[in-house]
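Input: a single structure, listed below in structure tokens.
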Amino acid sequence: MNNVRVRFAPSPTGGLHLGGVRTVLFNYLFAHKHGGTFILRVEDTDQNRYVPGAEEYIFETLAWCGLEPDESVIHGGNFAPYRQSERKAMYKLYAEQLVKHGHAYYAFDTPEELEAMRNTYKTENATAQYNSVLRSKMRNSLTLGPDEVAQLLSEGVPHVVRIKMPDVPEDITFTDMIRGEVSFNTAQVDDKVLLKADGMPTYHLAVVVDDFLMQITHAFRGEEWLPSAPVHILLWRYLFGEDKMPQWAHLPLILKPDGKGKLSKRDGARFGFPVYAMNWTDPVTGELTPGFKETGFLPEAFVNMLALLGWNDSSGQEIFTLDELIQKFSIERVHKGGAKFDYEKAKWFNHEWIKRLPVSRYRDSVKELFEAQGITITDEAKFDKVLELVKDRCTLLPDFVTQAAFFFRQPQSVDVAAIKPKWNAQKNLFFIELISAYQSLQTWEAEALEKVFKEIASVQVLKPGELMLPLRIMLVGGKFGPGVFEIAAMIGKEEMLKRIKHTLQLLV
RNA sequence: GGAGCGUUGGUCAAGGGGUUAAGACACCUCCCUUUCACGGAGGAAUCACGGGUUCGAUUCCCGUACGCUCUACCA
């Protein structure tokens, strides 16, 4: 495939959610696999839904994911502008061309008139459509004589441009890269608005015009767009020729875990997991919607997880680097059916990536987390060693704090209850002996510490096993963490003895 | 209501005329480990239903059911 050009076209109305990032990913993978170009086009044609900051957020998200576009408002390119609001004038030209050729018409109906029409013509359950029969009852350039239309236009009466569905219904068929042949009958689709009263295009006109002008070769979008495909195909036919149309792929939806529809922003709060890629704060309400990044996901894991949501390479492999994905991805292997989002599986991906990436890859992020808890890291080398020691136990980045804070400060709380029931004078004596034995040790390493520990236990005829848990609780504060003597070696003599003494007091 | 799309274990899914119907997540049991993890071994499916086609259908065809999406001067 030559000169592959794909695009992701979000509207800047808020945070970017899972499904959006997955669409970005598939675009990115496809473009890179074929040596093509990945374009980011901002679909800001709805002035009422414009949200300040949303555009910046999208770019920050792509940067965090490592899915940088080749062309965009900030990356430049030969097809600027990449913001549709700045292309406003072009769309009008195409809309007028359609009217001139009889494929579209002016409609002067006011919102009130439209509502009245819908109310009178809607049936029991069916909503009324602005179609070949109803348009004859409305105020438009098809029903109104040419003079009257000219007059209204010159008076600047608000109007829209609507596409005119063919007079004789026909089947519109196209081949979707994922679903194969799909067809619709034009009798079923209504005369969509192409150009709004404010002169801005609707999505329908804008995608087609921009995909043509930007020479898009393959267009990926969510399955929710499938029903409007016939409108777009007709537009391609009328404007540029169907042969120039990009190949379409309608991606399966990402569904709610309980199977009731597509995953939405609100589901995050309902199920207790992030839905957006990064934290998003609504500039008006101040409402914060949590993101995967801040929840403690690694971009590698996030991207990997997204790729497997609806795609697989058939080998059973689940862990992929971005480069491997580029190499193995194929749009034909994307599923048709939607997938319920499984947060447990998402966490598993993160756990896997934490385990296999060198700690240097996420050390800085973890360090910030420590410092947010008031733990200052001064010894970088020790910090890396500690992270290495506990990484198997961490699923999300914040887990490092709970798993490793005790290496850098005394446990916040000591789970005395775990040892108290079996505590006795003999054990107490053991630890007092242990303190003095450790006190006089010249070297301080795990093996020696364990040896001394066991010697004293044997002299006192105590089972080491009954003493290990108490020691762990003393050092760690709870029943978790790496080998207890490794911990001891790491925290040092002074700190260790301090913690033993401290717990001994609590046990009195 | 209409149109479109979809339907393999709880979830993600491989497979696609003849298989013991892969694998992963989660869950349970066991092993390892004198903690918790990691690691290892086990454990679950009449492939939505009904008709065809066929020697044979989870796989092909047609229906049905169910689910989802769309049905805005939003994308």
Side-chain angles (χ1 to χ4, degrees), chain A residues 9-13 43-46 48-49 107 109-111 114-115 118 122-130 158-162 176 178-179 182-185 187-190 192-204 206-207 221-230 250 252-253 255-257 259-262 305 308-319 333 335-349 351-352 355 390-395 399 403 415 418 463-473 476 478-484 487:
Chain A
S11 63
T13 53
E43 306 234 346
D44 56 347
T45 54
D46 188 349
N48 302 318
R49 296 213 305 161
D109 318 295
T110 64
L114 279 174
E115 203 193 321
R118 292 197 174 107
K122 75 176 178 200
T123 53
E124 313 83 72
N125 269 318
T127 44
Q129 294 205 313
Y130 206 111
H159 61 275
V160 301
V161 174
R162 307 186 88 110
D176 185 278
I178 295 172
R179 292 150 211 285
V182 180
S183 70
F184 298 85
N185 191 284
Q188 242 64 227
V189 0
D190 59 355
K192 292 287 181 203
V193 170
L194 262 21
L195 203 68
K196 302 185 253 188
D198 65 2
M200 279 289 194
T202 58
Y203 172 83
H204 305 298
V207 242
R221 52 162 38 160
E223 190 188 343
E224 69 266 33
W225 288 107
L226 208 40
S228 56
H250 289 88
L253 266 15
L255 277 11
K256 301 172 196 287
K260 293 262 172 275
K262 57 177 175 178
M305 177 270 287
L308 273 282
L309 214 50
W311 171 87
N312 72 81
D313 78 337
S314 89
S315 72
Q317 181 179 347
E318 294 194 280
I319 302 298
R333 283 203 61 85
H335 276 265
K336 297 179 178 71
K340 291 176 192 152
F341 180 65
D342 181 358
Y343 187 52
E344 293 307 318
K345 186 74 184 236
K347 285 195 292 191
W348 174 80
F349 276 105
H351 192 17
E352 289 302 308
K355 282 189 290 181
V390 303
K391 67 200 281 197
D392 283 356
R393 296 167 171 77
C394 300
T395 298
D399 292 343
Q403 288 294 328
D415 184 10
K463 286 183 190 158
E466 290 177 15
L467 300 162
M468 299 266 261
L469 183 66
L471 180 59
R472 169 176 299 281
I473 299 288
V476 175
K479 293 160 82 166
F480 62 93
V484 72
I487 296 169

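Keep in mind the model is a prediction, meaning the values are calculated, not measured.
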Within the structure, does a side-chain N or O atom of [X] lie under 4.0 Å from either OP1 or OP2 of [N]?
X	N	answer
A:His351	B:C25	no
A:Arg162	B:C73	yes
A:Arg49	B:A72	no
A:Arg333	B:G15	yes
A:Asn312	B:A14	yes
A:Lys355	B:G39	yes

Distance check, [atom1] atoms only: [N] and [M], in whole angstrom units.
N	M	atom1	answer
B:U7	B:G50	C1'	16 Å
B:G23	B:C60	P	23 Å
B:C25	B:G9	C1'	12 Å
B:A41	B:A26	P	16 Å
B:U53	B:U58	P	15 Å
B:C31	B:C36	P	13 Å
B:U8	B:G42	C1'	23 Å
B:U46	B:G39	P	30 Å

Comparing A:Val182 and A:Met468 on RNA chain B - which has the more 5′ nearest nucleotide: A:Val182

Residue whose nearest RNA chain B nucleotide is more 5′ - A:Phe184 or A:Lys196: A:Phe184

Gap separating the CZ atom of A:Arg221 from the CG atom of A:Leu226, nearest 0.5 angstrom: 8.0 Å

Between CD on residue A:Gln129 and CD on residue A:Gln188, distance to nearest 0.5 Å: 7.5 Å

Which part of the nucleic acid does [X] contact within heavy-atom distance under 4.0 Å: base, sugar-phosphate only, or nothing?
X	result
A:Gln129	sugar-phosphate
A:Ser315	nothing
A:His250	nothing
A:Asp176	nothing
A:Leu253	sugar-phosphate
A:Thr45	sugar-phosphate
A:Pro10	nothing
A:Gly481	base
A:Ala339	sugar-phosphate
A:Gly478	nothing

What is the distance, rounded to the nearest whole Å, between atom [atom1] of [X] and atom [atom2] of [N]?
X	N	atom1	atom2	value
A:Ile319	B:C12	CD1	P	18 Å
A:Glu224	B:U69	CD	C1'	8 Å
A:Arg221	B:C5	CZ	P	15 Å
A:Glu344	B:C25	CD	P	12 Å
A:Met200	B:C73	CE	P	17 Å
A:Lys192	B:U71	NZ	P	6 Å
A:Lys262	B:G4	NZ	C1'	14 Å
A:Ile178	B:U69	CD1	C1'	15 Å

Using the side-chain heavy atoms of [X], tell me which of these nucleotides is nearest: [options].
X	options	value
A:Lys479	B:C38, B:U35, B:C25	B:U35
A:Leu114	B:C73, B:U35, B:C12	B:C73
A:Lys336	B:G6, B:C25, B:A75	B:G6
A:Pro111	B:C5, B:C73, B:U35	B:C73

Ionic contact status for A:Glu352 with A:Lys355, cut-off 4.0 Å: yes

Paired and unpaired positions of RNA chain B as dot-bracket, Watson-Crick or G-U wobble under 3.5 Å, | denoting a partner strand: (((((((..(((.....[....))).(((((.......)))))....(((((..]....))))))))))))....

A:Gln317 CD: over 12 foreign heavy atoms closer than 6.0 Å: yes

More than 12 heavy atoms of other groups within 6.0 Å of A:Lys256 NZ: yes

Aromatic ring pairing A:His204/A:Trp225, orientation class (parallel under 30°, perpendicular over 60°, tilted between): perpendicular

Any residue meeting ring-ring contact (aromatic ring centres under 6.0 Å, His included) with A:His351, in chain and number order, not counting sequence neighbours: none

Minimum-distance pair of heavy atoms, taken over all atoms of A:Val193 and A:Leu195: CG1-O, 3.5 Å

Nearest non-hydrogen partners of A:Arg162 and A:Leu194, listed with the distance: C-CD2, 4.1 Å

Donor-acceptor contact present, side-chain A:Arg49 to main-chain A:Pro12, <3.5 Å: no

Cation-aromatic face contact A:Arg393/A:Phe480, 6.0 Å, 45 degrees: no

Donor-acceptor pair under 3.5 Å, A:Arg179 side chain vs B:C5 base: no

